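Remarks on the structure that follows.
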Amino acid sequence: MKKNGLTEEKFQRLQMVIEEQKGKKGPLMPVLHEAQKIFGYIPLEVQKRISEEIEIPLSEIYGVITFYSQFSLEPKGDYVIGVCMGTACYVKGSQPIIDKISELTGTKPGGNSEDGRFSLVATRCIGACGLAPVLTVNEDVYGRLKLEDIPGIVEKYQVK
C-alpha cells in the first residue's frame, strides 16, 4: 500500500477508466471525475499517470483541476462541510456559523480536522438563497440556520 491511500488497486481502477475514455473525444473531464471518486482527491502521482496515459500535458491537467472547485489536490475529510458565503447567506449570518463549526471541529476554513473526519469549506452561492443561511455536509443540505442549530448538526456526524 502506498501513502495517502494511493493503492495499486486504485491505480488499476483508474487505468480501467482511462482505457474506457482513451478513444473518446474530450477524455480529460470524465477521467478526472472518476479519479476524484477513486482517490478522494487528485494528487501529483495521479495527475502524472493521467498525463502519460491520455497524452495531455501535466500543466493542462493541473490547470483544469485548480480551475474547477469539485476537484481537490488535497485529501478531504469524511464529511465535507460547505458553508455558503454568498451575499444572502452572509447577510443572514453565515460567518458566525462558519466560526462555530471551526470551533467545534477544530477545522479552519479550507482545512481538515486532525482526525480526518471533517473538512470545512467556505463556498460561493449554492443557489438556495431562499433558505439562507445554508450549509451542506456532503450531500445533506441544511437551511434557515440559526447559530444554536450548529452543535446538533456537527454532533450528528461526529458519532457516525
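Numbering starts at 1 and runs along the sequence shown. Just so it is clear, the values below take in all heavy atoms, side chains as well, and ignore hydrogens, waters and symmetry mates. Note that the structure is predicted; figures quoted are calculated from it, not measured.
E53 and Q15 form a side-chain donor-acceptor contact under 3.5 Å, judged by distance and modelled atom types alone. Side-chain atoms of K156 and Y142 form a donor-acceptor pair, as typed in the model, at a separation below 3.5 Å. Side chains of D140 and Y157: a donor-acceptor N/O pair is present below 3.5 angstrom, by distance only.
In this structure, CD in E103 is found 4.0 Å from NZ in K100, a value given to the nearest 0.5 Å. Distance check: K108 NZ to I101 CD1 gives 14.0 Å after rounding to the nearest 0.5 Å. Rounding to the nearest 0.5 Å places CD1 of I38 at 5.5 Å from CG of L14. Considering CD1 of I42 and NE2 of H33, their distance stands at 8.5 Å, rounded to 0.5 Å. Here the CG atom belonging to L120 is positioned 10.0 Å from the NZ atom belonging to K76, to the nearest 0.5 angstrom. Going from atom CE of M29 over to atom CD of E34 covers 12.0 Å, rounded to the nearest 0.5 Å.
Under a hydrophobic-cluster definition in which Ile, Leu, Val, Met, Phe, Trp and Tyr are linked whenever side-chain heavy atoms come within less than 4.5 Å, directly or via other members, Y41 and F11 are assigned to the same cluster. Hydrophobic clustering (ILVMFWY, side-chain heavy atoms < 4.5 Å, transitive): Y68 and I65 are in one cluster. Following chains of ILVMFWY side-chain contacts shorter than 4.5 Å, one cannot reach V141 starting from I98, and the two form parts of different hydrophobic clusters. Clustering ILVMFWY residues whenever any of their side-chain heavy atoms sit less than 4.5 angstrom apart, transitively, puts I97 in the very cluster that holds V137. Residues I81 and L145 are members of one and the same hydrophobic cluster, defined by side-chain heavy-atom contacts under 4.5 angstrom among Ile, Leu, Val, Met, Phe, Trp and Tyr.
Counting heavy atoms from C-beta on, the side chains of P27 and K22 never come closer than 4.5 Å. Contact annotation: the side chain of I56 never approaches that of S51 to less than 4.5 Å [non-hydrogen atoms, C-beta and beyond]. Proximity of P109 to V121: side-chain heavy atoms (C-beta onward) are nowhere separated by under 4.5 Å. Residues Y62 and L58 form no side-chain contact, since every pair of their non-hydrogen atoms from C-beta on lies 4.5 Å or further apart. Looking at heavy atoms from C-beta onward, S119 lies out of side-chain contact with E74 at the 4.5 angstrom threshold. Side-chain contact between Q47 and I50 is absent, with no heavy atoms from C-beta onward closer than 4.5 Å.
Judged purely by atom type and a 3.5 angstrom limit, T123 uses its side chain to pair as donor or acceptor with the backbone of V83. Remark: side-chain polar atoms of N112 are paired, donor with acceptor, to backbone N or O of P75 under 3.5 angstrom. Side-chain atoms of S113 never come within 3.5 Å of backbone atoms of G106 as a donor-acceptor pair (strictly under, hydrogens ignored). Side-chain N or O atoms of Q21 include none that pairs as donor or acceptor with a backbone N or O of P30 at under 3.5 Å. Checking side-chain atoms of S94 against main-chain N and O of C84 turns up a donor-acceptor pair under 3.5 Å. With hydrogens and angles ignored, the 3.5 Å screen pairs no side-chain donor or acceptor of T136 with any backbone N or O of E139.
Of all the heavy atoms in L147 and P96, the pair that sits closest is CD1-O, 3.4 Å. The two atoms that bring L135 and I153 nearest to each other are CD1-CG2, 4.4 Å, heavy atoms only.
Each of L44, V46, T66 was scored for a side-chain contact (heavy atoms from CB on, under 4.5 Å) with L73, with one residue passing: T66.
Using a 4.0 Å cut-off between charged nitrogen and carboxylate oxygen, E45 and K48 do not count as a salt-bridge pair.
When the shell of 6.0 Å around CZ of F71 is examined, it contains more than 12 heavy atoms from other residues, nucleotides or ligands. Other residues, nucleotides and ligands contribute only 12 or fewer heavy atoms inside 6.0 Å of the CD atom of E55. Within 6.0 Å of atom CD in E148, more than 12 heavy atoms from other residues, nucleotides or ligands are found, so the atom counts as buried in its surroundings.
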